[in-house]
Q: 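This structure is in structure tokens; I'll ask about it shortly.
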Amino acid sequence: MRKPLVAGNWKMNKTVDKATLLVADMLPGLEAVKTVDRVICPPFTSLMVASGMLAGTEVGLGAQNMHWEESGAFTGDISPQMVKEFCEFVIIGHSERRAYFNETDETVNKKVKAAFEAGLTPIVCVGESLEQYEAGKTEAIVTAQVKADFEGIDKHDAERLIVAYEPIWAIGTGKTATAEQANDIIKNAVRKNLTTQFGEQTAQMIRILYGGSVKAHNAKELFDMSDIDGGLIGGASLKPEDFVKIVEAAA
Ligand code: PGA
């Protein structure tokens, strides 16, 4: 049985003072839902203060990106070891990074390997664009991403892997894939390829989230599907009441 996981991706929102208030607002509600793994991913600048607030709770902390190198001349970037000082999780390959910051399957693959090496749990995003979706290429695109992103990953590391299937056309748009559509891609493109790469037993252990306009009103329907193990939540994770409801929907 895979334990559901719900992660909040705050993106480039909240200064430290506002992040502090937001964590304080949602923490009691999040702490109460023990049957779900709960993770928040604030911007880098708030990780230190958030890690202090989450110490002694079961709520996990994640970063939204990192470099794959340990250190060096990479102005403006942050290393796996720096993330590890405060976090257990790191989001890798979010579609916004792929679209605006030249993230490719090759760099995603390097980052996934570096995350495991640093003892971090990567939450790796895959998903197709609107154009690819309309052209009926979803399965082919997601299959190619899964193959390339996880190439050469150790089977034992893969047991800890978390994948988020996020159709790009559903992110921040208010449009969601239907629960059946999302489950179908997760099952027949994501988990099927994970099975080819890592074997049935490992693939069954990997948690696969759905992301893209998950809200309090549609979360339960999505999370009730056989292969959806939780969600990666953007906009709604900035609203404490909504985020707690979404976490409760995964219980
Ligand atoms: P959204 O974002 O929930 O605002 O659509 C999801 C994500 O970008 O991970």
Side-chain angles (χ1 to χ4, degrees), residues 4-14 18-19 22 26 30 36-44 46-47 50 60-66 83 87 89-103 108 111-112 115 121-130 132-133 138 141-142 145-146 149 161-179 181-183 185-186 190 207-223 225 228-250:
L5 184 145
V6 174
N9 172 14
W10 292 12
K11 309 193 182 187
M12 196 173 72
N13 292 294
K14 306 293 171 187
K18 295 216 169 78
L22 187 51
M26 58 175 66
L30 294 182
V36 179
D37 281 339
R38 299 129 286 168
V39 179
I40 56 168
C41 305
F44 292 139
S46 292
L47 290 179
L61 188 63
Q64 299 172 18
N65 178 44
M66 63 172 203
V83 171
C87 302
F89 297 88
V90 59
I91 299 173
I92 293 176
H94 190 280
S95 61
E96 285 151 15
R97 296 215 57 87
R98 294 183 191 249
Y100 309 137
F101 304 103
N102 295 324
E103 188 86 85
V108 169
K111 291 180 182 188
V112 175
T121 296
I123 302 174
V124 184
C125 304
V126 298
E128 81 287 4
S129 67
L130 182 60
Q132 291 161 340
Y133 169 68
T138 301
I141 293 292
V142 172
Q145 287 174 332
V146 170
D149 292 354
L161 181 64
I162 297 165
V163 183
Y165 167 59
E166 301 202 300
I168 297 168
W169 50 268
I171 296 177
T173 57
K175 292 182 192 160
T176 36
T178 65
Q181 257 177 336
N183 197 59
I185 294 300
I186 286 177
V190 185
R207 288 179 287 186
I208 308 178
L209 317 179
Y210 170 79
S213 299
V214 179
K215 309 283 177 205
H217 68 87
N218 61 13
K220 184 150 176 50
E221 195 192 342
L222 287 155
F223 299 162
M225 300 304 291
I228 302 180
D229 304 318
L232 182 57
I233 319 302
S237 73
L238 297 166
K239 297 178 193 139
E241 261 182 46
D242 289 16
F243 188 53
V244 169
K245 276 192 196 141
I246 293 170
V247 168
E248 286 167 352

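In listed order, ligands and their atoms are each counted from 1.
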Q: What residue and atom, counting heavy atoms only, is the protein's closest point to atom 4 (O) of ligand 1, and at what distance?
A: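 Checking every protein heavy atom, the shortest distance to atom 4 (O) of ligand 1 gives G235 N, 2.9 Å.
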
Q: Can a non-hydrogen atom of A236 be found less than 4.0 Å from any atom of ligand 1?
A: no

Q: Has G211 got any heavy atom lying under 4.0 angstrom from an atom of ligand 1?
A: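 So G211 does not count as touching ligand 1.
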
Q: Considering all heavy atoms of both residues, which atom of I246 and which atom of A219 are nearest to each other, and what is their separation?
A: CG2-CB, 4.0 Å

Q: Looking only at non-hydrogen atoms, find the nearest pair between C87 and A63 and report the distance.
A: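 Scanning both residues, the minimum pair turns out to be SG-N, 3.8 Å.
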
Q: In the protein, what heavy atom is nearest to atom 9 (O) of ligand 1, and what distance, to one decimal place, separates them?
A: E166 OE2, 2.7 Å

Q: Going by atom types alone, do N65 and K111 pair a side-chain donor with an acceptor below 3.5 Å?
A: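 N65 vs K111: donor-acceptor pair found between side chains.
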
Q: Which of the numbered atoms in ligand 1 are under 4.0 angstrom from any heavy atom belonging to A170?
A: 5 (O)

Q: Identify, for atom 3 (O) of ligand 1, the protein heavy atom at the shortest distance, and state residue, atom and that distance.
A: G234 N, 2.9 Å

Q: Provide the closest heavy-atom pair for F89 versus V83 in the form atom of the first, atom of the second, distance.
A: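 For F89 and V83, the tightest heavy-atom pair comes out as O-CG1, 4.2 Å.
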
Q: Tell me the nearest of P167, G172, S95, G231 to atom 5 (O) of ligand 1, using heavy-atom distances.
A: G172

Q: Write down the atom of P43, the atom of K14, and the distance for their closest heavy-atom approach.
A: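 Reported closest heavy-atom pair: CG-O, 4.0 Å.
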
Q: Under 4.0 Å from a heavy atom of N9: give me the atoms of ligand 1 that qualify, with their elements.
A: 9 (O)

Q: With a 6.0 Å cut-off (strictly less than), is the heavy-atom count around CD of Q181, excluding the residue itself, greater than 12?
A: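 Atom CD in Q181 is crowded, with more than 12 foreign heavy atoms closer than 6.0 Å.
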
Q: Is it the side chain, the backbone, both or neither of I171 that has a heavy atom closer than 4.0 Å to ligand 1?
A: both

Q: Should you measure from each heavy atom of H94, which atoms of ligand 1 turn up under 4.0 Å away?
A: 7 (C), 8 (O), 9 (O)

Q: Could you tell me whether ligand 1 has any atom less than 4.0 Å away from a heavy atom of K11?
A: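 The answer is yes: ligand 1 sits under 4.0 Å from a heavy atom of K11.
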
Q: For G212, counting its heavy atoms only, list the atoms of ligand 1 lying under 4.0 Å from any of them.
A: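 Close to G212: 5 (O).
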
